[in-house]
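We're numbering straight along the sequence, starting at 1.
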Amino acid sequence: MADPLLTVTLQRAPGAKRREELLRGHGRKDRASADPQQSLQEALSLLGSDDWELKEKGLFTIQHLAGSHSEVLLCRLREVCLAVTSEVTNLRSKVSYSAIVTLGELFVTLKKDMDSEVDEVARILLQMVSNSPEFVQKAGSQTLGIMVENVTPARAMTALMDTGVNNRHAPVREPLYLTVQCQGMENQKAEGPSVKEPVKERNDGSKEPQATLSSSKRVKSPSEGHLLHHAKAQVTSPPAVEETELLQKLYNLLEAKGFQKRMEGVELLRDLCKTSPQLISTNIAQIFDYFVLRISDSHKKVKQRALDVLAEITGALKDALNPVIIGLVEGITKNLNSKDPRVRGAAVKALEESIALLYKVSLLKEFSYQWNHLSGQALLDVTECITVLVQWVHARSSEVVQRDALPVLWAFLGNKALPVRSANVRTVATKLASALYKVMGTQLKKCAASKPPHLRENLSKMLGCHGMAGLKQLQMEDKVKAIMAQPHTEI
């Protein structure tokens, strides 16, 4: 049976019926509200309730307003999108489905006005496509297609490349590629993404990657690989026969049984990055499907050498490594707790080179994800990396910092034992708090105001007198507002 996600996406080819009708249950709209402003306020209030049926009612109201009074939604677009997107992950699948449908309606009616919301919506939808009931996955896949069709193409491509390309779940990447392909996004200034074909089976039962890498043919390595590549890693012409043979030799060495052969493969990659960087950049996803395995090799010598080579070639490849950031970060961070000082030293060096030379927004996102799966010194190392990246990323995308870096700080501060833990932990957490306060200012205090008392207290201690005064002032302002909001009685 065909993959339902692929089936849904293929139905969304140009010339098909109105795509939004695939999502709408009844294909009709209620009569316009006599007071759309009031209807919107009521809808937002319903979304804030704990009753799932009331949430659904609020979502339906927003759907109807999208079709009949879109100007009302535009005035409060950010608030509306946050409220709807937060329900996409609702544990009740019916509410999640309705929220996804509502987002589809917003993209259909508001079109490019939704550009500012694309990053967050794409991230949440891709998350649902990878781990949800089938009917929710279908709705998410369809809404992603609607998004691609209606927002500014460059915004959609950026969001999908940044969020979905390196998604860990192949069922996400495949319909994602098909959706983009159907919309003709390969015709943009940055040429369309290259893809890879299923591998051939050799007589001995093992898998052998295809060596033909032209844009009209597709290649895939034994592992999942990436179905979308960074624009700078596009293939424009088939490789020469010598290059094809060279790539095959590299693949065979990197997956060889003997550790000496695998070491030869690592050295060959290093040499090719110096002599033929374009060949490596063009085939980066396929090559690194093999190479990242050597970063986690069972043999310490191979692992250490792979990390050393990674640190060395990062400067030569730079942006070409963006499509494989997830695999690199995973491989590096897993070695930060190594008991072998040489392996750990090589991992730290590779980490430093990555921060200096790779795309920092993607790095911050991946570090934040990995942070939740780390412990010990590796956790502190990654926290320091996040701290270093905060200022640079905030200047380009404050939303990424608040969504990905801020939760790391809350996790530190939420531990009641933090003030009496080791000096290293406290020092690292304090650096992160200071970095966030430097770029967020009062916004950090406002975010902390809604947190538990012990968390606010820990933050105040870390920030010193300025942090304490700011939080106290904010709490006082909230009290004043609450008093002013109370009804007054005449004396």
Side-chain angles (χ1 to χ4, degrees), residues 77-79 81-82 85 112-124 151-152 154-166 189-190 230-232 314-315 317-323 325-326 328-329 332-333 351-371 381-413 427-449 459 462-464 466-467 470-471 474:
L77 183 59
R78 182 59 178 163
E79 182 181 0
C81 286
L82 284 175
T85 304
K112 293 182 180 180
D113 287 318
M114 288 287 289
D115 279 4
S116 60
E117 311 303 322
V118 166
D119 288 338
E120 180 65 13
V121 171
R123 183 181 71 86
I124 295 297
V151 301
T152 300
R155 289 294 297 115
M157 178 62 81
T158 299
L160 296 179
M161 292 293 288
D162 198 26
T163 307
V165 176
N166 293 325
K189 186 175 181 180
H230 192 273
K232 294 189 178 181
T314 298
L317 299 178
K318 295 183 180 178
D319 289 347
L321 289 172
N322 287 337
I325 279 180
I326 282 183
L328 293 186
V329 172
I332 293 171
T333 55
L351 197 62
E352 292 172 348
E353 291 298 310
S354 298
I355 293 175
L357 299 168
L358 300 186
Y359 185 48
K360 294 176 175 56
V361 174
S362 295
L363 279 176
L364 179 58
K365 292 180 179 180
E366 187 57 25
F367 284 144
S368 176
Y369 175 85
Q370 291 296 330
W371 191 91
D381 290 338
V382 170
T383 302
E384 295 212 52
C385 292
I386 293 173
T387 301
V388 170
L389 295 172
V390 160
Q391 185 171 356
W392 192 96
V393 174
H394 189 273
R396 291 152 181 80
S397 179
S398 58
E399 294 84 359
V400 171
V401 169
Q402 293 187 39
R403 186 181 68 233
D404 297 300
L406 199 53
V408 174
L409 177 62
W410 298 149
F412 271 116
L413 298 176
T427 299
V428 169
T430 301
K431 287 181 180 179
L432 177 60
S434 299
L436 287 168
Y437 182 69
K438 181 177 180 180
V439 297
M440 295 178 64
T442 57
Q443 183 64 30
L444 177 60
K445 301 169 187 175
K446 290 179 180 179
C447 293
L459 179 60
M462 284 184 174
L463 296 179
H466 295 293
L471 288 177
L474 186 62

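The main-chain N or O of T430 is found under 3.5 Å from a side-chain atom of S434 such that the two form a donor-acceptor pair. Proximity of a side-chain donor or acceptor of D404 to a complementary backbone N or O of V401 within less than 3.5 Å is not detected. In this structure, S368 contributes its side chain and L364 its backbone to no donor-acceptor pair below 3.5 Å. T333 places a side-chain N or O within 3.5 Å of a backbone atom of V329 that can act as its donor or acceptor partner.
Checking I332, L328, L363 one by one against L351, the side chain to side chain contact (heavy atoms under 4.5 Å, CB included) holds for a single residue, I332. When each of L406, T427, L409 is paired with L432, the side chain to side chain contact (heavy atoms under 4.5 Å, CB included) condition holds for L409 and for no other.
Evaluation of the side chain to side chain donor-acceptor pair (under 3.5 Å) rule for S354 yields no partner, not counting sequence neighbours. D115 is linked by a side chain to side chain donor-acceptor pair (under 3.5 Å) to T152, counting only residues two or more places apart in sequence or in another chain.
The shortest distance between side-chain heavy atoms of K365 and R123 does not fall below 4.5 Å. At least one side-chain heavy atom of C447 sits under 4.5 Å from a side-chain heavy atom of W410. Considering only heavy atoms from C-beta on, E117 stays 4.5 Å or farther from V151 through its side chain. Two residues are said to be in side-chain contact when any heavy atoms from C-beta on lie closer than 4.5 Å; M440 and S398 fail this criterion. Contact annotation: the side chain of K445 approaches that of Y437 to within less than 4.5 Å [non-hydrogen atoms, C-beta and beyond].
How far CD1 of I355 is from CD of E384: 9.5 Å, rounded to the nearest 0.5 Å. Note that CG of L463 is 6.5 Å distant from CG of L444, once rounded to the nearest 0.5 Å. Between atom CG of residue D381 and atom CD of residue Q370 there is a gap of 13.5 Å, rounded to the nearest 0.5 Å. To the nearest 0.5 Å, the span separating CD on Q402 from CD on E399 amounts to 7.0 Å.
Contact record, E366 with I326: OE1-CG1, 3.4 Å, taken as the closest heavy-atom pair. Across all non-hydrogen atoms, the minimal contact from G315 to L357 is CA-CD1, 3.4 Å. Across W371 and T383, no two heavy atoms sit closer than the pair NE1-OG1, 2.7 Å. Here the closest heavy-atom approach between residue I325 and residue Y359 is recorded as CD1-O, 4.2 Å. In terms of heavy-atom proximity, L358 sits nearest to K318 at CD2-O, 3.4 Å.
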May I have the step-by-step check of side chain to side chain contact (heavy atoms under 4.5 Å, CB included) for V390 and K438, ending in yes or no? CA-CA 10 Å; V390 160; K438 181 177 180 180; over 6 Å; no
